[in-house]
2 protein chains.
Amino acid sequence: MAVALDDLDRKILSELQKDAEQSLDEIARRVGSSKTPVWNRIRKMKDMGVIARTTAILDPEALGLEACFFVLIRTSEHEADWQRKFLKALKERPEVMEAHRLAGDIDYILKVRVKNARAYDQFYQALISEVRIYNVTALLSMEEIKSTTTLPL
Amino acid sequence: MAVALDDLDRKILSELQKDAEQSLDEIARRVGSSKTPVWNRIRKMKDMGVIARTTAILDPEALGLEACFFVLIRTSEHEADWQRKFLKALKERPEVMEAHRLAGDIDYILKVRVKNARAYDQFYQALISEVRIYNVTALLSMEEIKSTTTLPL
DNA sequence: CGTGAAAGTTTACGCAA
DNA sequence: TTGCGTAAACTTTCACG
């Protein structure tokens, strides 16, 4: 799955992560190359799936999404059918920003963005009514110290 | 901090979150409006900071970043000076994708993206040598079930 | 406030080296 | 692979309905 990228590819990706709206000429200038090679490389990396998509990053506070919870989940159920239902529920809920299956003691972690604590409770009630869960711990974020989509290259 | 957005604004944001490279004409068509109003609204939302930036989303696996850890941190230190040093360390380390200060028992949670477990251990050793930490639990992600930057509108 | 068109940029690609 | 040149497409502004 990993792909061979040279130094120029990495510089281009770094620029696109900083600001995907820069023109080709601008990017070319910054990475010390010119339009055609930059364009060819960008296209190749899109085709290969290194660049998945380009998106607008919005400010959650400005949209009134002021609460962020990390949810640690333990389950007693490990059958395929239960898991399918649980994953489906997570994928369908837009307030679930991230969901990971974990190694060890805790089975799943979620990151959930909502308007306020009440909205979180509604989400929680809906989730446990859809699937059986053994134990849930919610961690409330007081302050987002850092949040980046910029992967280290 | 929250901003008044109407239905058309929300539709535009939703399109930009799906794909920020769509042309104005395309977006206008999808949201049932036309170029100029869409352009005016996008500019206003950028000025107001609702749209923070636009960025390329890369595939971490394709870049060889195959390990993702959630790190739960408890500290005994709560002085301003310690905190300043700790936050600075987090902001400077590119492998820290997210960092939140929490309410309750656990003080901080981090999301850390690295090449492998060895790279995580290097990060961990470096961090604890920079600042005193009372207790750390690392949760290793086995599977990224969901990961989105698309906020619920 | 929306429509349409005009002017200036940028992209996307062919072709030569 | 890169660099140049260009047609087509897109962005941005503005005058008018």
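Letters A, B, ... are given to chains in the order of the sequence lines, protein chains preceding strands, and every chain is numbered from 1. Because only heavy atoms are used, hydrogens play no part in the values below, and waters and symmetry mates are left out as well, while side chains stay in.
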Picking from D:dC14, D:dC10, C:dG2, the nucleotide nearest the side-chain atoms of B:P37 would be C:dG2

Under-4.0 Å salt bridge between A:K111 and A:E98:
no

5'-most contact on DNA chain D (nearest-nucleotide basis), A:K35 vs A:K44, goes to A:K44

Of the listed C:dT3, D:dG3, C:dA12, the closest approach to the B:S34 side chain comes from C:dT3

Taken to the nearest whole Å, CD1/A:I42 to C1'/C:dT10 is 13 Å

Whole-Å distance, A:L24 CG to D:dA8 P, equals 19 Å

Have A:T149 and B:R53 got a donor and an acceptor in their side chains that come within less than 3.5 Å?
yes

B:E21 atom CD is separated from D:dA9 atom P, nearest whole Å, by 17 Å

Can you classify the ring geometry of A:F69 versus A:Y120 as parallel (below 30°), tilted (30 to 60°) or perpendicular (above 60°)? parallel

Atom CH2 of A:W39 and atom P of C:dA12 are separated, to the nearest Å, by 6 Å

>> Quick check: A:H100 with B:F70 (ring centres under 6.0 Å apart)?
In response: yes

Here the distance between atom C1' of D:dG3 and atom CZ of A:R29, to the nearest Å, is 18 Å

(message) Tell me whether the side-chain N/O atoms of A:R43 come closer than 4.0 Å to OP1 or OP2 in C:dT11.
(response) no

>> Would you say A:R41 places a side-chain N or O within less than 4.0 Å of OP1 or OP2 belonging to D:dT1?
In response: no

Would you indicate, yes or no, if C:dT3 has its OP1 or OP2 atom less than 4.0 angstrom from a side-chain nitrogen or oxygen of B:T36?
-> no

DNA chain D nearest-nucleotide lookup for B:D25 and A:N40: closer to the 5′ end is A:N40

